[in-house]
Amino acid sequence: MVTSSNPETLALHGGSHRADPSTGSVAVPIHQTTSYQFQDTGHAARLFGLQELGNIYTRIMNPTQDALETRLAALEGGVAALAVASGQAATSFCVLNLTQPGDNIVSSTDLYGGTWNLFANTLKGMGVEVRFVDPADPEGFARATDARTRAYYAETLPNPKLQVFPIGEVAAIGRRLGVPLIMDNTAAPILCKPLQHGAAVVMHSTTKFIGGHGTSIGGVVVDGGNFDWEAGGDRFPTLNTPDPSYHGAVWTQAVKPLGPIAYILRMRTCLLRDLGAATTPMNAFFHLQGLETLPLRMERHCSNALRVAAWLAAQPGVTQVIHPSLQQGEAKRRADTYLKGGYGSLMGFELAGGAAAGARFINALKMFYHVANIGDARSLAIHPATTTHSQLSVEEQAATGVTPGYVRLSIGIEHIDDIIADLDQALKAART
Ligand code: PLP
């Protein structure tokens, strides 16, 4: 196993896979199998009894997925990870692994729309309350906390506002009150290491930058192994009380010989077993393939975005450009504290001509793709007011940071001259 603290090396060599022990294959094999032959009945019993970790059934684990999980855990600095079918499944599991009806979590208001819906509607319907607080004031998390608060949740670099979350500040509040911080790091892989700033858990939609090529949906949860669930006692009943679905196992006790992996092991053995949001070996392979060049791509994403942000800010008809590089005051301080090596590839800008100009701009793009995705190697654009946010009222759109003339870009890794040329001709069309 190759050990390194450098992401460029870990993205290629981190985790459990070196060469396939039976074939010597250097690339991670796609283990397209549902099940695994047990050596004998004793072996099978030990695997089911968790005395030994090993492959049982691909809904719960798979060697290709394991290579992805261990590599992402290495990259984020965690102890173990779980790959699942989508980013949404990862977020759902992060919360459901700690909550029961009557419990609550405290979340930042600045969230991906799908997460917002999950928190405001679906979890509510399941009896889990999500208390939304403005991340501009980290102490809001403390004020919203009570004895049934099981976790804090936030995104590192949430769009459309693109204001970096105060990770260290809120993690410290959580550690004081015994509440773990879960970070969605989808928009800032490599650039930010939330676990280093005190977060307990990191999740990603691997659909985005990690996959990087817009081919496959997936999600991952990384357990930091740095949070004392046992000391939390009553705050974490799912981990500290006997689990009737696993012979009365108390997870924090049962996994002690295996390391500080109670949170992620319970997620795998209970939630993935029961809810079944397994990823596929093929998608795990695609995400591994993307991961191998992620550090290099992030460099180019960031350097291109920096140039585009500065260029856009000087264009007539553009009234505002939203990118961490152009922020000031506390927002800039947070960006500089938590993002290293670049400010990300996402940006937004406002067209003076409002919704009509936004639509003209999008329709005129020749190289940028008009899609609802982010984090593709290709440059992407969308006009939220007429698409992703069109079900919201103008007031609701404004509350989420979306105005009629707002355009969102995910800057790709093409040559910068071609990116700017496409934006230039589309801006001219928007002004006519
Ligand atoms: N988190 C963020 C920040 C996202 O942008 C997305 C998707 O856009 C998700 C989570 C959900 O991921 P997925 O689409 O893989 O379910």
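When a ligand or atom number is given, it counts from 1 through the structure's own listing order. Each residue takes its place number in the sequence, starting with 1.
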Going by the order shown, which atoms of ligand 1 are within less than 4.0 Å of some heavy atom of D184? 1 (N), 2 (C), 3 (C), 10 (C)
Is there a donor-acceptor pair under 3.5 Å between the side chain of R297 and the backbone N or O of F209? yes
Can you report which non-hydrogen protein atom sits closest to atom 4 (C) of ligand 1, along with the distance? Y112 CG, 3.6 Å
With heavy-atom distances below 4.5 Å as the criterion, would you say the side chains of T403 and E350 are in contact? yes
If you compare G87, A90, A85 by their heavy atoms, the one closest to atom 13 (P) of ligand 1 turns out to be G87
Is there a polar contact between ligand 1 and T91, counting only N or O atoms under 3.5 Å apart? no
I'd like to know if the side chain of Y343 pairs up with that of D336 as donor and acceptor (distance under 3.5 Å, no hydrogens or angles considered). yes
Can an N or O of Q88 be found at a distance shorter than 3.5 Å from an N or O of ligand 1? yes
Going by the atom numbers of ligand 1, which of them fall below 4.0 Å from some non-hydrogen atom of G218? 15 (O)
Which ligand 1 atoms does T207 reach within 4.0 Å, using its non-hydrogen atoms? 13 (P), 15 (O)
For M203, state whether at least one heavy atom is located under 4.0 Å from any atom of ligand 1. no
Check the side chains of D134 and T109 for a donor-acceptor pair under 3.5 angstrom, ignoring hydrogens and angles. no
Side chain of R71, backbone of G14: donor and acceptor closer than 3.5 Å? yes
Please tell me whether E230 and N240 have a donor and an acceptor in their side chains that are separated by less than 3.5 angstrom. no
Could you identify the single nearest non-hydrogen protein atom to atom 8 (O) of ligand 1 and state the distance to 0.1 Å? K208 NZ, 2.8 Å
Checking side-chain polar atoms at under 3.5 Å, does S245 have a donor or acceptor matched by the opposite partner on R273? yes
With only distance considered, is I374 within less than 3.5 Å of ligand 1 through an N or O on each side? no
Give the numbers and elements of all ligand 1 atoms closer than 4.0 Å to a heavy atom of E155. 3 (C)
Which of the numbered atoms in ligand 1 are below 4.0 angstrom from a heavy atom of S86? 15 (O), 16 (O)
Flag for E76-H204: side-chain donor and acceptor within less than 3.5 Å: yes
